[in-house]
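Here's the structure, in structure tokens; my notes come after.
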Amino acid sequence: MNKNINSASAFQSIPAVGIDTGAHQFHAGVIGANGPEGVPMEGKTGQRNAVWYDGKDFLVGDQAVNAHAANPAMYAEQLKLYLGQRDPDGTPATIIPDIGEKGKVTHLHTAIYEYVRARVEAYLANPVCGCVLAHPDAASQFVKDDLKAAATAAGIPNVFFIGESQALLRYAHHRKPILPGTLGIIVDNGHYTNNAVVFHVNDNLTLEVLNVVTSETCGGGEYTAAIEKHLRDELAKTGFVIDDTNAHHLTTLYAEAERVKHVLSERNECTAMLPFNKEPFKLVLKREHAEELWASLRKECLKTVSRALKEKSIKKDSISTVIQSGGNLNIPCLHHDICKLLGQDAERLPNAELAVAFGAALCAPELYKNEGLAATGGKGRNTRVLNIGARLKRKTSRNIAIKLYDMETNSDCMEILVPKGEPLPVRFEKRFGLRSDTLSEDARDVAITILQPESEAQELENTPVLAEFNAEGLAASSVTQDRICVQVEVSEDE
């Protein structure tokens with residue numbers, strides 16, 4: 001019996017999934033046939049970063065926001081801001097104290113990741129076997145520990161990390177390749193923060209983040225708040241005062257201010273409408289008026305950019321690429337301000353809210369590969385690839401048989417015969433499905449054996465085993481069928 005195995009390796013090919021759990025919203029991206037795709041969530045590209053506990057289960061996203069008035073004590077939002085924080089006993093921070101362990105930041109994030117996983121699996125018709133989580137650039141190990149614990153508890157076995165700025169840079173590079181030697185800056189105006197990211201592309205095309213400066217006083221939410229305050233003031237002139245204890249008042253005012261901001265990004269004027277009186281309150285806002293309301297925020301954004309360059313002693317005229325991202329990139333005055341400050345046009349990333357999730361998904365192939373995994377794109381079945389190499393001590397003209405069987409039930413799943421007389425080395429491939437009727441439901445291990453029958457009539461059960469290889473972690477599913485690709489190379493030993 002010859003079990004001289006030259007090489008034997010296996011890796012699972014799983015969908016490339018990127019998740020961005022932002023403070024305001026969370027998004028998920030996958031790699032499709034034509035590039036990054038956003039995973040729909042209740043008809044939207046993302047959901048609010050919020051959870052609400054009904055006494056039995058968690059509601060997530062917009063459903064949580066809509067239900068929280070029934071019991072505000074069971075509601076939490078902006079969960080990202082609590083990541084990495086610790087209670088006095090050293091355990092992850094408690095956000096909803098009345099429900100014990102369920103109220104900790106890790107458990108609440110688990111509810112979000114379970115929600116995301118279900119939407120991704122429905123979209124891909126494939127289980128989520130891994131993901132890349134985007135995290136703040138300066139995230140502590142505690143933050144990463146919290147994220148990994150939450151994702152693992154949500155049933156995602158392989159968790160990888162990428163900084164948000166690196167993810168943005170990867171997406172920008174995917175959209176338009178950034179040449180070696182490029183010195184550039186990304187201005188990312190998120191909902192809660194404004195980030196200026198200085199980067200450099202090395203000669204080997206490595207995308208290197210040189211500096212990140214963050215301001216928490218000029219994020220997209222502050223632009224909405226400025227409109228919100230203006231509407232409050234104008235409404236008060238009619239004698240109606242917003243009740244800050246009335247959830248309906250607050251959510252209606254916020255939603256209208258957000259809508260007005262987005263409309264004024266595309267048009268020169270917008271009519272705001274608030275249905276608080278018998279006759280709905282209406283107010284026409286022009287773009288130039290909104291730009292005045294945002295004047296201090298715009299200046300703060302430019303200070304962030306200037307500071308990012310100054311800290312690295314980089315002159316503005318040495319910047320060759322300017323990229324703008326974030327939910328506010330379409331505000332014309334902000335885009336104009338950035339272009340004027342840096343003396344060149346800023347490329348605006350499309351799908352701004354999904355940019356970080358897209359970048360995380362695009363980083364998946366390299367990150368997966370480091371752990372013996374391979375990333376696939378698009379919808380369809382998972383594929384596990386088994387690579388087997390075996391060397392024989394002498395030439396042979398006899399058949400070579402390859403069998404794959406379920407180690408739980410010892411039943412055959414597949415059989416391959418190499419034709420007699422095939423010269424060595426020989427390399428071939430076979431794809432087949434693992435279904436619930438060919439692989440026991442609880443099975444985790446599959447074995448492959450390479451055999452050499454003494455004659456064509458000899459039963460394989462009585463044939464010497466040349467090599468064998470076990471693959472762990474395979475599980476059949478009655479919903480989606482996994483695919484296995486067996487690649488075998490048998491060569492003559494010297």
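Index from 1, following the sequence. Side chains are part of it too, since the values below use all heavy atoms of this structure and drop only hydrogens, waters and symmetry mates.
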Return yes if some donor-acceptor pair links the side-chain N/O of R307 with the main-chain N/O of V213 below 3.5 Å, else return no. no
Given 3.5 Å as the limit, does a donor-acceptor pair link the side chain of H200 with the main chain of L183, or not? no
About how many Å separate [atom2] of [Y] and [atom1] of [X], when rounded to the nearest 0.5 Å?
X    : Y    : atom1 : atom2 : value
H191 : T224 : NE2   : OG1   : 6.0 Å
I162 : I19  : CD1   : CD1   : 14.5 Å
E228 : E256 : CD    : CD    : 11.0 Å
K176 : L349 : NZ    : CG    : 11.5 Å
N195 : I185 : CG    : CD1   : 10.5 Å
D145 : K148 : CG    : NZ    : 8.5 Å

Would you call [X] and [Y] a salt bridge, using N to O less than 4.0 angstrom?
X    : Y    : answer
E258 : K261 : yes
D345 : K340 : no
D337 : R298 : yes
E347 : R175 : no
D233 : K229 : yes
R287 : E269 : no

K102/D57 under salt bridge (Lys or Arg N to Asp or Glu O under 4.0 Å): CA gap, chis, key distance, verdict: CA-CA 10 Å; K102 291 183 178 179; D57 299 309; over 6 Å; no
Under 3.5 Å, is there a donor-acceptor pair between the [X] and [Y] side chains?
X    : Y    : result
Y192 : Q78  : yes
T271 : K282 : no
E266 : H262 : no
Q324 : H335 : yes
Q25  : H27  : yes
T21  : Y113 : yes
E216 : T193 : no
T106 : D146 : no
N211 : E311 : yes
K303 : S215 : no

Heavy atoms from other residues, nucleotides or ligands near CZ of F240 exceed 12 (cutoff 6.0 Å): yes
Q141 atom CD: more than 12 heavy-atom contacts under 6.0 Å: yes
Sub-6.0 Å ring centroid separation between [X] and [Y]:
X    : Y    : result
F160 : Y368 : yes
F26  : Y115 : yes
H107 : Y53  : no

What class does the angle between the rings of [X] and [Y] fall in, given that below 30° is parallel, 30 to 60° is tilted and above 60° is perpendicular?
X    : Y    : value
Y75  : H68  : tilted
H249 : F276 : tilted
Y171 : H174 : parallel

Is any side-chain heavy atom of [X] closer than 4.5 Å to a side-chain heavy atom of [Y]?
X    : Y    : answer
L341 : K316 : yes
E288 : C333 : no
L210 : F199 : no
V201 : L179 : no
L169 : H173 : no
W52  : D54  : yes
D20  : E353 : no
V187 : N189 : no

Carefully, step by step, assess K104 and I95 under the rule side chain to side chain contact (heavy atoms under 4.5 Å, CB included). CA-CA 6 Å; K104 288 188 173 294; I95 304 177; over 6 Å; no
Go through the steps for K80 and E164 under the test salt bridge (Lys or Arg N to Asp or Glu O under 4.0 Å), then give the verdict. CA-CA 13 Å; K80 176 182 179 180; E164 292 172 353; 2.6 Å; yes
If you apply the rule salt bridge (Lys or Arg N to Asp or Glu O under 4.0 Å), what do you find for K237 with E234, and how did you get there? CA-CA 5 Å; K237 293 177 182 178; E234 293 300 312; 3.0 Å; yes
Run the numbers on T91 and R86 for side chain to side chain contact (heavy atoms under 4.5 Å, CB included), then give the verdict. CA-CA 5 Å; T91 60; R86 291 294 181 264; 5.6 Å; no
Heavy-atom closest contact (A360 atom, A167 atom, distance): N-CB, 3.8 Å
Going through the distances and angles, do L147 and H135 end up as a side chain to side chain contact (heavy atoms under 4.5 Å, CB included)? CA-CA 9 Å; L147 287 171; H135 61 76; 4.0 Å; yes
